Amino acid sequence: MRILSGLLFAMLLMSFKPSAEKDGASTRPGFYIFVEDFTDRTYHKFIVESKDSANTIFNKFFHSELELGDVDHPITIYNGKRNFYIARVSVFETTGGKKKFKNLKYADVYRKRSRLKPVRL
């Protein structure tokens, strides 16, 4: 009887779990941007979902003709007046309607020397 009630309780808990399709649909790719402005001692945080929005924010703080390329790994730009940080993230909405993000796991940038083949002359 105890096993049967435990099994029934477990099935009841599993029925309230959101499906994998619904959980995967709630996250979208996006960018997290953090800007520290040392001229007026302010900071700005942005969570955007498109590359065009990230380029607009970049051009707002750095008045130049440069554009961001592909963001494969987090990028930090410091020019003495501003510290600009951008990273790819997974964006989702909370129950309150606010946007939050989860960091992506990036592959290692540096390879160890032991993995490289030695050069022979």
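All figures in this text were calculated on a predicted structure; none of them were measured in a lab.
The hydrophobic cluster containing Ile86 does not contain Phe101, counting ILVMFWY residues as joined when their side-chain heavy atoms lie under 4.5 angstrom apart, directly or transitively.
With values rounded to the nearest 0.5 angstrom, Lys45 atom NZ is found 10.0 Å from Glu36 atom CD. Summarising the geometry, atom CZ belonging to Phe84 is positioned 8.5 Å from atom CD1 belonging to Ile75; distances are rounded to the nearest 0.5 Å. Considering OG1 of Thr27 and NZ of Lys102, their distance stands at 6.5 Å, rounded to 0.5 Å. Interatomic distance, Phe38 CZ to Tyr78 OH, rounded to the nearest 0.5 Å: 5.5 Å. Rounded to the nearest 0.5 angstrom, Asp72 CG and Arg88 CZ are separated by 6.5 Å.
Looking at heavy atoms from C-beta onward, Phe31 lies out of side-chain contact with Val89 at the 4.5 angstrom threshold. By the 4.5 Å heavy-atom criterion applied to side chains, Asn83 and Val35 are not counted as neighbours.
Under the 30°/60° scheme for interplanar angles, the aromatic rings of Phe62 and Phe58 are found to be tilted. Aromatic ring orientation, Tyr32 versus Tyr85: perpendicular (interplanar angle above 60°, classes split at 30° and 60°).
Looking at every heavy atom in both residues, Thr94 comes nearest to Lys100 through CG2-CG, 3.2 Å.
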Legend entry - From CA spacing to verdict: side chain to side chain contact (heavy atoms under 4.5 Å, CB included), Tyr43, Phe34: CA-CA 7 Å; Tyr43 66 92; Phe34 181 77; 3.6 Å; yes
Legend entry - Full working for side chain to side chain contact (heavy atoms under 4.5 Å, CB included) between Arg82 and Phe61: CA-CA 8 Å; Arg82 291 176 187 91; Phe61 288 102; 3.9 Å; yes
Tell me which donor-acceptor pairs under 3.5 Å the side chains of residues 47-54 have, and how far apart each pair is, sequence neighbours excluded?
residue, atom, partner, partner atom, Å
Glu49, OE1, Arg28, NE, 3.2
Glu49, OE2, Arg28, NE, 3.2
Glu49, OE2, Arg28, NH2, 3.0
Glu49, OE2, Lys99, NZ, 3.2
Ser50, OG, Ser53, N, 3.3
Ser50, OG, Ser53, OG, 2.9
Lys51, NZ, Gly69, O, 2.1

